[in-house]
Amino acid sequence: MKPEGRGRDTKTIWLFREQLMEHNLIKELHEEFDLPLQSKGFKIHKGQIIDAGIVDTPKLRNSREENAQIKAGDTPERFKQNPHVQRQKDIDARWAKKNNDNRYSYSYSYSYSYSYKNDIAVDAEHKLTRELYVSSAEVHDSQALLDMLSENKGKGVWAGSAYWSKKFELAL
């Protein structure tokens, strides 16, 4: 039993979210939350702002063979043999190349990040989150765009250049 006044731990929240996803309830809960907001005038009027952010995770210290197995969707034998090792490994994240824009020089540098990506759509007027798309970091921004567009009464969509393509321009 948790002491009075202490919040839930991360694992509890993660397990709850996994159960919501398993039963396809996230969208339904979001719509239930949205109804009272809309009745108070928080509707999409001015369009949406869409962007992505990288969420780093601890780097894995695995052999090349283990990394190849993880990428292929398999669990390395060492993880199966020792449950303590498996608990410490995040095998759902992926490597992504990030552009470190150095605004004070004429060169760009790149770094690699073992991470996830959060694509988010917010209402341009009220700045309320309309949609959130979480993926491993190697998923390109453009893969999330159509899933994130809310009914856009304001007709404006502001998004980073990584989202643009002719296909998406026609969809908008």
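This one's a predicted model, so the numbers in the text were calculated from it and none came from an experiment.
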For this session: Show your working on side chain to side chain contact (heavy atoms under 4.5 Å, CB included) between Ile70 and Arg94 and close with a plain yes or no.
Result: CA-CA 10 Å; Ile70 291 168; Arg94 291 292 180 265; 3.9 Å; yes
Exercise. With distance as the sole test, does Gln143 use its side chain to make a donor-acceptor pair with the main-chain N or O of His140 at under 3.5 Å?
Worked result: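 Not a single qualifying donor-acceptor pair exists.
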Exercise. Ignoring hydrogens and geometry, is there a side-chain-to-backbone donor-acceptor pair from Lys117 to Ala52 under 3.5 Å?
Worked result: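 Checking the backbone N and O of Ala52 against the side chain of Lys117, no donor-acceptor pair under 3.5 Å is found.
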For this session: Please report the C-alpha distance between Asp119 and Tyr163 in whole Å, then the side-chain angles of each, then the deciding distance to 0.1 Å, and finally whether the side chain to side chain contact (heavy atoms under 4.5 Å, CB included) criterion is met.
Result: CA-CA 10 Å; Asp119 290 272; Tyr163 293 97; 2.6 Å; yes
For residues [X] and [Y]: do they belong to one hydrophobic cluster (side chain heavy atoms under 4.5 Å, members Ile, Leu, Val, Met, Phe, Trp, Tyr)?
{"X": "Leu35", "Y": "Leu29", "answer": "no"}
{"X": "Val85", "Y": "Ile91", "answer": "yes"}
{"X": "Leu145", "Y": "Ile49", "answer": "no"}
{"X": "Val134", "Y": "Ile120", "answer": "yes"}

Taking atom [atom1] of [X] and atom [atom2] of [Y], what is their separation to the nearest 0.5 Å?
{"X": "Arg78", "Y": "Gln69", "atom1": "CZ", "atom2": "CD", "result": "10.5 Å"}
{"X": "Arg61", "Y": "Asn67", "atom1": "CZ", "atom2": "CG", "result": "11.0 Å"}
{"X": "Glu22", "Y": "Asn24", "atom1": "CD", "atom2": "CG", "result": "9.5 Å"}
{"X": "Leu132", "Y": "Asn118", "atom1": "CG", "atom2": "CG", "result": "5.5 Å"}

Are the side chains of [X] and [Y] in touch, meaning some heavy atoms are under 4.5 Å apart?
{"X": "Asp92", "Y": "Tyr116", "result": "yes"}
{"X": "Asn62", "Y": "Phe79", "result": "yes"}
{"X": "Ser115", "Y": "Asp56", "result": "yes"}

Exercise. Nearest heavy-atom pair of Ser136 and Glu138: which atoms, and what distance?
Worked result: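 Heavy atoms of Ser136 and Glu138 come nearest at OG-OE1, 2.6 Å.
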Problem set entry | Ile26 to Met21 - nearest heavy-atom pair and separation |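 Nearest pair, atom of Ile26 first, then Met21: CD1-CG, 3.7 Å.
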For this session: Could you list the residues that satisfy side chain to side chain donor-acceptor pair (under 3.5 Å) with Thr57, not counting sequence neighbours?
Result: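 Result, side chain to side chain donor-acceptor pair (under 3.5 Å) vs Thr57: none returned.
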Exercise. Taking atom NZ of Lys40 as the centre, does the number of heavy atoms from other residues, nucleotides or ligands within less than 6.0 Å exceed 12?
Worked result: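 Open.
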